[in-house]
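Keep in mind that this is a model prediction, so the values were computed, not measured. In what follows, chains carry the letters A, B, and so on, assigned in the order in which the sequence lines appear, proteins first and then strands, with residues in each chain numbered from 1.
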Number of protein chains: 2
Amino acid sequence: MASTPTHALSPLLRKLESIATLTDEERHAVESLPVKTRMLAPRQDIVRDGDHTSQCCLILDGWACRYKLTGKGQRQIFSFHIGGDIPDLQSLLIPVMDHSLATLTSTTVALIPHADMRELTLRFPNIAAALWRDTLVDGAIFRAWIMCMGQRSAFDHIAHLFCELYLKQEAVGLASEHRCPLPFTQLDLADATGLSNVHVNRVLQEMRRNGLITLRSQTLVVEAWERLVQTSEFDAAYLHLQKRAAP
Amino acid sequence: MASTPTHALSPLLRKLESIATLTDEERHAVESLPVKTRMLAPRQDIVRDGDHTSQCCLILDGWACRYKLTGKGQRQIFSFHIGGDIPDLQSLLIPVMDHSLATLTSTTVALIPHADMRELTLRFPNIAAALWRDTLVDGAIFRAWIMCMGQRSAFDHIAHLFCELYLKQEAVGLASEHRCPLPFTQLDLADATGLSNVHVNRVLQEMRRNGLITLRSQTLVVEAWERLVQTSEFDAAYLHLQKRAAP
DNA sequence: CGCTAATTTGACCTGGATCAACTACGGTGG
DNA sequence: CCACCGTAGTTGATCCAGGTCAAATTAGCG
């Protein structure tokens, strides 16, 4: 960490380079973004519904989620985020938040002032396009969630979510061999799927009984990937993960 | 239509100008986009799940929706679209479709080649930013739908949708006085909300009984706007409608 | 080792689904 | 102008996925 060439912003670079091929100048410009790094405790709000923001938040390490509360305090989680994600990139163009962003685990984030981000996108349309594309994938994931909520059973919905979360991590090298971290509670899963925690628990038990998954000590092991994919009609196309262009 | 100053692309201009202030040059560049205008019958696919596209589709008049089918043929509708919307703008940066786009009514559309669109966004970062912002609002609407599907009753969900559809139309001058066109069937509403058509029917009857709405001959009249807003906890903030900058 | 948060279990309930008629209505052709 | 037909809307009966409530039982963790 001391003299290695790794850089605080390398998760962002990796993500951008998985979308577009960057020139040296562009790569250097990203690395030169003036960021403040922060370490945050689990289950802390980073930005709140209604806030006016002047910076955005790049996740470097750990997990975060976007969510919103109803009048009666019920929480709906909209998305889960890992290193390389900028969950509140939206605030760059729409500075008033219509939902909240919070950590799930201990998390390291980099705060990037909107002004610098805006300058970067104006100087480098290529980077702007990559970020825009990223918000489009974000939308595609929302549609997949809507599909699950509207048309699938609780079992298939959770199976679909597991496929998504595994692949999302695999794509950035945080998972392999159908095994990945899943460091949040059944209540978090319930709030993400719109189910009750009790029912999530029962579905998980059924998945274990069927030999589909193992889930303990914050680790998900998909024992039967194909069956998980089939039952939930999971089609990874919507994640639009594509191999990085050859260097 | 003959010698008036109105232009086929004026719905797009109006939308862009509701987001950003355009220079004369920018306005002229938009108007100079080479478009093919098409009139489409109701309930026709415009683009299909899996298609590779090289143009995007601007709605000029009429209604369209984005949707996707499950393996068993159940349809989930993701969004409704009216004049000025570019529902498949996503294809500009992600050319392979992960869902379908179809008309609901007789619809006039303008097809814009990706190449021209791309050139426009490269020449005018201001326009690119406006379009990007539009895709972010698109995402915000998806989140509102997820919130409704996960946390609200069928009644409140439909009420929320009615508020959204009314305001969306009001914002572009297609509705006023809490009265707007709603030219689609109860089955469409069911597929958008993830409910059965039977239950949608029962909820609508209850809304009528409560004096909340009138809905007949494709027209929605909200008889009690405040109550509709309150029961569904509708907060228009997520639509990010803002007054056009003064000329 | 004790405390708290997380998971699990059981009993019971309900919102909304499903299935199957039946009715109303906007065309369309005679 | 009317008979016909297909689509959309309505109704009733029954069922079930998943919710709710409350009480254990773990699992972490300081």
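Results of the side chain to side chain donor-acceptor pair (under 3.5 Å) test with B:Glu233 over B:Arg152, B:Gln151, B:His160 single out B:Arg152 as the only residue that passes.
Residue-environment remark: CZ (B:Arg48) stays at or below the threshold of 12 foreign heavy atoms within 6.0 Å.
Proximity of a side-chain donor or acceptor of A:Ser196 to a complementary backbone N or O of A:His199 within less than 3.5 Å is detected.
B:Asp138 and B:Arg143 are not joined by a salt bridge, as no carboxylate oxygen comes within less than 4.0 angstrom of a charged side-chain nitrogen. The pair A:Glu170-A:Arg179 does not meet the salt-bridge criterion, since no charged nitrogen lies less than 4.0 angstrom from a carboxylate oxygen. A salt bridge links A:Asp85 with A:Lys168: the closest approach of a Lys/Arg side-chain nitrogen to an acidic carboxylate oxygen falls below 4.0 angstrom. Under a 4.0 Å N-O distance rule, the pair B:Asp188/B:Arg75 qualifies as a salt bridge.
Taking atom CZ on B:Arg43 and atom P on D:dG6, their separation rounds to 18 Å, with Å as the unit. Note: CG (A:Leu182) to C1' (C:dA6) measures 15 Å, nearest angstrom. As a whole-Å value, the separation of B:Leu189 CG from C:dA17 P is 13 Å. To the nearest angstrom, C1' of D:dA8 lies 9 Å from CG of B:Leu187. Between B:Leu204 atom CG and D:dT11 atom P there is a gap of 12 Å when expressed in whole angstrom units. Computed from coordinates, the B:Lys72 NZ to C:dA17 P distance equals 16 Å when rounded to whole Å.
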Verify side chain to side chain donor-acceptor pair (under 3.5 Å) between B:Ser100 and B:Asp49, making sure each step is shown before the conclusion. CA-CA 5 Å; B:Ser100 299; B:Asp49 197 1; 5.2 Å; no

B:His157/B:Phe234 under ring-ring contact (aromatic ring centres under 6.0 Å, His included): CA gap, chis, key distance, verdict: CA-CA 10 Å; B:His157 187 169; B:Phe234 182 83; over 10 Å; no

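Rounded to 10 degrees, the angle separating the terminal helix axes of the helix from C:dC1-D:dG30 to C:dG30-D:dC1, each built from five base pairs, is 50°.
Contacts classified as side chain to side chain donor-acceptor pair (under 3.5 Å) and involving residues 208-220 of chain A (residues at least two apart or in different chains) are given here: A:Thr214-A:Glu223. A ring pair (Phe, Tyr, Trp, His ring centres under 6.0 Å) check over residues 47-74 of chain A, counting only residues at least two apart or in different chains, returns the pairs A:Trp63-A:Phe184.
Using a 4.0 Å cutoff on non-hydrogen atoms, the parts of residues 145-159 of chain A near DNA chain D are A:Ser153, A:Ala154, ordered by number. Only A:Arg208, listed by number, bring a heavy atom of residues 208-216 of chain A to less than 4.0 angstrom from any atom of DNA chain C.
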Distances under 3.5 Å between nitrogen or oxygen atoms of protein and nucleotides 19-25 of chain D:
residue, atom, partner, partner atom, Å
D:dG19, OP1, A:Gly194, O, 3.4
D:dG19, OP1, A:Ser196, N, 3.2
D:dG19, OP2, A:Ser196, N, 3.2
D:dG19, OP2, A:Ser196, OG, 3.0

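Atom-to-atom distance recorded for A:Leu187:CG and A:Leu195:CG is 11.5 Å, nearest 0.5 angstrom.
Counting heavy atoms from C-beta on, the side chains of A:Trp145 and B:Met149 never come closer than 4.5 Å. The side-chain heavy atoms of B:Asp88 and B:Gln55, taken from C-beta on, include no pair separated by under 4.5 Å.
Phosphate contact (OP1/OP2 of D:dG28, side-chain N/O of A:Gln218, threshold under 4.0 Å): absent. For the OP1/OP2 pair of C:dT7 and a distance below 4.0 Å, the side-chain nitrogens and oxygens of A:Asn201 include no atom meeting the criterion.
The listed nucleotides are D:dT10, C:dT8, D:dA8; the one nearest the side chain of A:Gln205 is C:dT8.
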